[in-house]
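Here's the structure, in structure tokens; my notes come after.
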Amino acid sequence: MGFRLPSIIKRASSSKSVGVPKGYLAVYVGEEMKRFVIPISYLKQKSFQELLSQSEEQFEYDHPMGGLTIPCGEDVFLDITSRLN
């Protein structure tokens, strides 16, 4: 169950990432596709990698929002990312 971080980073940096500071990544989460700006360092964390694997399975690398789309609820996403801070 691997995924390609360089292609995620490349796609994210070439997307419509207006307002995303260097070293961060815009992701869209939940049914309402709420936008979160997260540190790229999260991509190395095991719990976040599981979310990325789910995203790859569901969307492959075609993310309609222009940023990375994470297929989970906002509450789950916030719980995971709060433990990474």
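In what follows, residues are counted from 1 in the order of the sequence shown. What you see is a predicted model, and the numbers here were worked out from it, not measured in a lab.
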Assess whether side chain to side chain contact (heavy atoms under 4.5 Å, CB included) is satisfied between Arg35 and Val20, documenting all intermediate values. CA-CA 11 Å; Arg35 183 177 190 244; Val20 178; 3.0 Å; yes
If we ignore hydrogens and angles and just use 3.5 Å, is the side chain of Ser55 paired with the main-chain N or O of Ile70 as donor and acceptor? no
Here the pair of heavy atoms bringing Pro21 nearest to Gly19 is CD-O, 3.5 Å
The criterion is side chain to side chain contact (heavy atoms under 4.5 Å, CB included); which residues satisfy it with Val76, sequence neighbours excluded? Cys72, Ile80
Taking it one step at a time, do Ile38 and Tyr24 satisfy side chain to side chain contact (heavy atoms under 4.5 Å, CB included)? CA-CA 5 Å; Ile38 60 165; Tyr24 288 80; 5.7 Å; no
Considering only residues two or more places apart or on different chains, which pairs with a residue in residues 75-85 satisfy salt bridge (Lys or Arg N to Asp or Glu O under 4.0 Å)? Asp79-Arg83
Using the test ring pair (Phe, Tyr, Trp, His ring centres under 6.0 Å), find all partners of Phe36 that sit at least two apart in sequence or belong to another chain. Phe77
Using 0.5 Å steps for rounding, measure from the CD atom of Glu74 to the CE atom of Met33. 10.5 Å
In sequence, state the C-alpha distance, the side-chain angles, and the governing distance for Gln49 and Leu43, and then conclude on side chain to side chain contact (heavy atoms under 4.5 Å, CB included). CA-CA 6 Å; Gln49 288 178 1; Leu43 297 174; over 6 Å; no
In sequence, state the C-alpha distance, the side-chain angles, and the governing distance for Leu25 and Leu68, and then conclude on side chain to side chain contact (heavy atoms under 4.5 Å, CB included). CA-CA 8 Å; Leu25 173 70; Leu68 185 61; 4.2 Å; yes
Can you name the residues that form a side-chain hydrogen bond (donor to acceptor under 3.5 Å, both in side chains) with Tyr42, not counting sequence neighbours? Asn85
